[in-house]
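Since the structure comes first, as structure tokens, the remarks are kept for the end.
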Amino acid sequence: MNLIKTSRQVKALGLCSGGLDSILSALLLKDQGIDVTWISFETPFFDAKAAKKASKQTGIPLIVKDITDDYMEMMKAPKAGFGKNMNPCMDCHTLMFAKAGAMMEEIGADFLFSGEVVGQRPKSQTKNSLRYVEKHCGFDGLILRPLSAGLLPETIVEQKGLVDRSRLLSISGRSRKPQAALAQKYGITEYPSPAGGCLLTDKGYSQRLRDLLYIQKTEDKTQLHLLKHGRHFRLDNKAKLVVGRNQAENKRIMNLYDPKTHIRLRCTHLPGPDALVFGQIDETTLHLAATITSGYTKASAGALTTISVFQDLETRQIEVTTPEPGAFHDLLIQTP
Ligand code: SF4
């Protein structure tokens, strides 16, 4: 066994998703006496909730950073492209390691690490894609993957003796058995499932995101958050409508309501959804939005319905004919 060749405490900064692999990679390093801190990033597409939970569970300190602006810049043209949906996984990891690397000096860390496992994800965790991230993030040689280190070339971190390579693992592939056994050893019983947590891998969300970025041509943060809730209708190239599907969604939509940029629609005399219109809106578009909204109230098809329009701090009513159910299905942005 190699001994760690330094008299001072070695410190490592790890990317944390909150999943089991993140937790195990950090605990493996802690076993070697390494002082471990986590960093987790937030954007409208993913958050640090699971990482916060993992930090609470393990006592490992966590830094949380919002990287939305830089992320949206990267999303314009990810060098390695997108995955099956709008997930630019390789450039996403590159950006995360670049951001984490920039913090190393600030917190006195010697190297970076993550819970990535070779071959666990078909595209983003192959040896080549792990290498792509190292080469492009600006911290080549300083990224350790403790769970798969034995299968990867020796890093500068190991060469310098900051970490004992012989105590790192050689896990590969999609089986979770080795991780489950390790979790048992460490007494970790609660952890989120390995997949999930990133909206960019979701087909429906990706369709709505493409529409927002390439047709509406905006990266506005509130609109990005709105993509998570409700039915989305493309009214024309410059205007869209979001309609809540139930009470909980109405509430979430209204939490994102900004009277400066949204026109709010609601049927005030019958139960129905909250709806927001935004973009460049003329009377014809507004009438269309109100008609669609009336289709989700308790009004019968063909009945006249009054929709309240909240615009520029004023309220007025417009009357529309309630459409047949599904009449505007072709305007829905998300196709099944
Ligand atoms: S799944 Fe989402 S958060 Fe994870 S690497 Fe891909 S784009 Fe980034």
Side-chain angles (χ1 to χ4, degrees), residues 13-26 38-55 62-103 112-139 143-145 147-148 152 174 176 179 191-210 212-214 219 221 224-225 227-228:
L13 178 62
L15 301 191
C16 180
S17 67
L20 180 59
D21 294 345
S22 294
I23 296 173
L24 295 176
S25 61
W38 272 328
I39 186 160
S40 185
F41 299 104
E42 292 194 311
T43 68
F45 316 121
F46 45 82
D47 60 34
K49 263 190 217 149
K52 285 177 189 165
K53 203 170 164 196
S55 168
L62 172 73
I63 300 164
V64 176
K65 263 195 167 302
D66 188 309
I67 53 165
T68 304
D69 291 347
D70 291 325
Y71 205 90
M72 293 316 296
E73 201 48 45
M74 177 273 287
M75 286 285 283
K76 282 181 188 158
K79 290 190 182 81
F82 292 101
K84 201 169 156 203
N85 293 298
M86 283 293 277
N87 48 313
C89 291
M90 283 161 67
D91 290 291
C92 171
H93 272 166
T94 303
L95 178 63
M96 287 182 181
F97 272 116
K99 291 275 167 201
M103 288 209 65
L112 303 170
F113 72 97
S114 76
E116 288 163 296
V117 168
V118 173
Q120 189 172 85
R121 300 224 173 118
K123 283 201 175 143
S124 63
Q125 291 187 16
T126 62
K127 281 188 186 175
N128 281 346
S129 52
L130 297 184
R131 185 71 200 117
Y132 172 93
V133 171
E134 287 160 11
K135 272 188 358 202
H136 291 87
C137 74
F139 296 92
I143 298 178
L144 192 73
R145 276 91 176 198
L147 297 180
S148 288
L152 297 168
R174 307 187 74 161
R176 307 287 298 156
Q179 287 96 319
Y191 44 87
S193 70
C198 175
L199 289 164
L200 296 173
T201 60
D202 182 88
K203 188 181 168 202
Y205 185 89
S206 294
Q207 283 171 327
R208 297 194 290 274
L209 178 61
R210 269 185 217 108
L212 191 76
L213 297 180
Y214 307 141
E219 306 163 4
K221 210 169 164 180
L224 288 167
H225 280 292
L227 296 181
K228 297 170 201 167

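In this text the structure is predicted, and so the values were computed from the model without any measurement. Both ligands and their constituent atoms are indexed starting at 1 by order of listing.
Of all heavy-atom pairs between M75 and M86, the closest is CE-O, 3.8 Å. Between F97 and F113, the shortest heavy-atom contact is CE2-O, 4.1 Å.
Residue contacts with ligand 1: F41 is excluded, as none of its non-hydrogen atoms falls under 4.0 Å.
Closer than 4.0 Å to atom 8 (Fe) of ligand 1 lies at least one heavy atom of the protein.
Counting only distances under 2.8 Å, and ignoring water, the protein N, O or S atoms around atom 6 (Fe) of ligand 1 are C89 SG.
Aromatic ring orientation, Y71 versus F45: tilted (interplanar angle from 30° to 60°).
Between the side chains of T68 and D66, at least one donor N or O lies within less than 3.5 Å of an accepting N or O.
Those atoms of ligand 1 that come under 4.0 Å of a heavy atom in F46, given as number and element, are 3 (S). Of all atoms in ligand 1, listed by their number and element, those nearer than 4.0 Å to a heavy atom of Y71 are 7 (S), 8 (Fe).
Surrounding NZ of K228 are more than 12 heavy atoms belonging to other residues, nucleotides or ligands, all under 6.0 Å away.
Not a single donor-acceptor pair under 3.5 Å links the side chain of N87 to the backbone N or O of C89. Counting only distance, with no hydrogens or angles, the side chain of T43 and the backbone of I67 share no donor-acceptor pair below 3.5 Å.
Residues M72 and K221 are not in side-chain contact: their nearest non-hydrogen atoms beyond the backbone lie 4.5 Å or more apart.
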